[in-house]
There are 2 protein chains.
Amino acid sequence: MSATMKDVARLAGVSTSTVSRVLANHPAISEETAVRVRDAMQKLKYQPNQIARSLSNRATHTIALIMPDPASYPLMNPFFVNAIRGVTTFARKHGYYLLLTYPENHDELTIIKDLVGSRRIDGIILTSVKKDDAIMTYLEEYEHPYVVIGHPYEDQKTLWVDNDNYGIVYKITKRLIEQGHRKIAFLGGADDYRVTTDRRQGYLDALRDHNIPIDEKIIYREWFSESIAAEITRKILDYCMPDAVIATDDTLALGVERTLSEQHHAHDVAVIGFNNTQVAQYVRPSLSSVEINAELLGFYAAKLLITRLQGKPQHTNHLLIEAEFIERESSRVSRKA
Amino acid sequence: MSATMKDVARLAGVSTSTVSRVLANHPAISEETAVRVRDAMQKLKYQPNQIARSLSNRATHTIALIMPDPASYPLMNPFFVNAIRGVTTFARKHGYYLLLTYPENHDELTIIKDLVGSRRIDGIILTSVKKDDAIMTYLEEYEHPYVVIGHPYEDQKTLWVDNDNYGIVYKITKRLIEQGHRKIAFLGGADDYRVTTDRRQGYLDALRDHNIPIDEKIIYREWFSESIAAEITRKILDYCMPDAVIATDDTLALGVERTLSEQHHAHDVAVIGFNNTQVAQYVRPSLSSVEINAELLGFYAAKLLITRLQGKPQHTNHLLIEAEFIERESSRVSRKA
DNA sequence: GCCGGTTCTGCAACCGCTTGCAGATCTAAT
DNA sequence: ATTAGATCTGCAAGCGGTTGCAGAACCGGC
């Protein structure tokens, strides 16, 4: 098989300790020995065995990214590709590898316990914040380093990155109101996700601040598919004629648009999606959406985590990533105020 | 920290060898000792340290998935999410974790060498086949297990999964011809990718078999973006009026459609994309595309690799995954034959 | 020539688990 | 009672690195 430290040591005529120290750039090694050792390494094409190293070091230089189970959470694929990209970019630059997984049948906690207990990884990136999250509690208890993409309920010491979900929806809602819209429907995700409640709160507060009555009949709170969104839109239309619909994912927004088109209301109702997926610019009317900059979320999540792993001082435990409202045709609906 | 084998051994009043054997379900352990040991494990919440295990075993139960650098290869994002999903599904079911990475600046071979040399992983999944691929040569030389998504030039012993790229394009081209199309343009990828040459060959052979002259002026062979595809389409239109365009990615096809729409030819030219991305069904005219079943490609890639890693017999070294042509509006163009 | 202080290197233990081999214990046959 | 064989368990070496500590070699100063 391939060369080990012992081989290098033998060839260079030193002990393995010395080889190890050369590798670590230990100052107490004379330049000549270092050169001799490095020569030997070259000759043998030596590469240190990371596993052995990890065992000794208690560090694997690997971080895990836990995605939601795609089966139960089919939305937001583009979000994850981009987040992965951001994480990888930062991680690789600092010598870390990325272990990617998702629950799939097993409950998420089981996976986490396995990952943590087996000592395979140094830290974890979680991609959602749930109410009473057992995983966060577990990681907290075992003091296992982690960072979460999302806004934790207890956000004092946890590392996290997130968009200002409350703020962006507040702003969008306000804007819609100022443009003369009154009946604004809201299709959000499940209530136990913080991202959902934050966004809905932004929506609710904007209505309240502008003295618009809140109508629970046009507020939906589940994760669903394009077709269920279409279905719900039909219900909404049966109930009343909305001025605008905010959907927290482009896929849902597409479902909304579909029903609106079918009922010839495509240009009467403002529709706004989230995540600025590729489709948004190609549908007609093109879909206004919110770019959440998933790549940056991933990048900074990795940054917080790895900085922590390296024991470097951290000036902050969280970062807010700018989300940008991208206006397209779907929300440019004339409305006489 | 957390319990080790030694702790379990002490509590159960046995040696670590025994604990280890219990863990491995070694037959030479009496039921009573086994029970006593398992009790101790329970009490201590023992979880074996995978790193130590790997060191001893020379197996990490981790496989790497190498994606192309997204920066230089921005297309096909959905392909990768789906492939990842398939790989993960199979891998997790068999106790393997997924290490995900891509070159990013570094050349790919460097990463591979690091990954292989550092002994972090048991096997590798590559996601493209290039001509004279240094990586495959390297892996071959070091006899490191790998599987490739794509069709290797030397396909006798290499493990691989792929669509029948030649066949599907041949079929599509033939079909276009039978519908009366004659001038069929082809926008493919870079020539050193096997997927490109396979597809183009299918296209060329279909033309040849139907005695349609081949016009190099409407054959393009680079990876490019939506906007460059639009640009190229302009060139093509300047040169002649094509009957149909086959683009080996939906993003390119969208660029084609854009130019066609701008020049009011959207309904005169049949356009066919690849990868059946979400956009395909939402654009107007909706885009005919080829569903390559990336999830299955990933799933079976993992399967071939892991079966190999487990040393189980393998009846075949490759699998062909069905690709399905999905006809939508963009290719339903009336043409008087 | 002796001594204290540097500078450099090696010994050996350790990280936590696996496994070949030998030895202990027990059973049953002679 | 003796012994061969079967059954179970432990010893100790090994996987490939790291690191505290001790000691060797060398330095200049007195």
Side-chain angles (χ1 to χ4, degrees), chain A residues 1-41 44-62 95 114-122, chain B residues 1-41 44-62 95 114-122:
Chain A
M1 280 296 291
S2 54
T4 72
M5 212 164 225
K6 217 187 273 181
D7 301 322
V8 175
R10 193 178 313 120
L11 182 58
V14 296
S15 73
T16 59
S17 337
T18 302
V19 177
S20 172
R21 292 199 176 100
V22 170
L23 223 45
N25 287 318
H26 192 110
I29 296 287
S30 71
E31 193 46 33
E32 3 166 34
T33 351
V35 168
R36 217 165 65 247
V37 170
R38 277 194 265 267
D39 268 8
M41 288 181 177
L44 298 175
K45 294 190 183 170
Y46 170 71
Q47 277 184 267
N49 180 321
Q50 275 304 330
I51 300 296
R53 214 173 218 200
S54 297
L55 182 58
S56 203
N57 278 339
R58 292 130 183 300
T60 61
H61 284 256
T62 304
D114 181 57
L115 230 32
V116 171
S118 68
R119 253 37 65 77
R120 283 169 181 284
I121 49 161
D122 297 342
Chain B
M1 280 295 291
S2 54
T4 73
M5 211 163 225
K6 216 187 276 181
D7 301 323
V8 175
R10 193 178 313 122
L11 182 58
V14 297
S15 74
T16 59
S17 336
T18 301
V19 178
S20 173
R21 291 199 177 98
V22 170
L23 224 44
N25 287 318
H26 193 108
I29 295 289
S30 71
E31 194 45 36
E32 4 165 33
T33 357
V35 168
R36 216 166 64 246
V37 170
R38 277 193 265 268
D39 268 9
M41 287 181 177
L44 298 176
K45 293 191 184 171
Y46 171 71
Q47 275 184 269
N49 180 322
Q50 274 304 330
I51 299 297
R53 209 172 223 204
S54 297
L55 182 58
S56 203
N57 278 339
R58 293 133 179 301
T60 60
H61 285 257
T62 303
D114 181 57
L115 230 31
V116 171
S118 68
R119 257 31 67 77
R120 285 170 179 283
I121 50 161
D122 296 342

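Below, chains carry the letters A, B, ... as their sequence lines are ordered, and counting in each starts from 1. Keep in mind the model is a prediction, meaning the values are calculated, not measured.
Between the side chain of A:R36 and the backbone N or O of A:A12, at least one donor-acceptor pair lies under 3.5 Å. At distances below 3.5 Å, at least one donor-acceptor pair connects side-chain atoms of B:T33 with backbone N or O atoms of B:S30. At distances below 3.5 Å, at least one donor-acceptor pair connects side-chain atoms of A:S54 with backbone N or O atoms of A:A59. Between the side chain of A:S56 and the backbone N or O of A:R53 there is no donor-acceptor pair closer than 3.5 Å. For B:N49 (side chain) and B:I51 (main-chain N/O), a donor-acceptor pair under 3.5 Å exists by modelled atom type. The backbone N or O of B:T60 lies less than 3.5 Å from no partner atom in the side chain of B:R119, so there is not a single donor-acceptor pair. Of the possible polar contacts, none joining the A:S20 side chain to the A:T16 backbone as a donor-acceptor pair under 3.5 Å is found.
Whole-Å rounding puts the B:N49 CG to D:dG17 C1' distance at 14 Å. For the pair B:R119 CZ and D:dG17 P, the interatomic distance rounds to 7 Å; values are reported in whole Å. B:K6 has its NZ atom 8 Å from the P atom of C:dG16, to the nearest Å. When rounded to the nearest whole Å, the span between CG of A:L23 and P of D:dG16 equals 15 Å. In this structure, the CG atom of A:N25 is 13 Å from the P atom of D:dT19, given to the nearest Å. Atom-to-atom, CG of B:N57 to P of C:dC15 comes out at 19 Å; the value is rounded to the nearest Å. The separation between B:L55 atom CG and C:dC17 atom C1' is 8 Å, rounded to whole Å. Distance, B:I51 CD1 to D:dG17 C1': 13 Å, rounded to whole Å.
The shortest distance between side-chain heavy atoms of A:S2 and A:Q47 does not fall below 4.5 Å.
Residue B:S56 has no polar side-chain atom (N or O) positioned under 4.0 Å from OP1 or OP2 of C:dT18. For B:R58, a side-chain nitrogen or oxygen approaches OP1 or OP2 of D:dG16 to under 4.0 Å.
Rounding to the nearest 0.5 Å gives a distance of 9.5 Å between CG of B:L44 and CZ of B:R10.
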Across nucleotides 4-12 of chain C, 5' to 3', mark each nucleotide with B, S or - according to how protein heavy atoms within less than 4.0 Å reach it.
----SBBBB

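Between its two ends, the helix from C:dG1-D:dC30 to C:dT30-D:dA1 turns its axis by 70°, counting five pairs per end and rounding to 10 degrees.
The residue B:T4 sits close only to the backbone: its heavy atoms come under 4.0 Å of sugar-phosphate atoms, none of a base.
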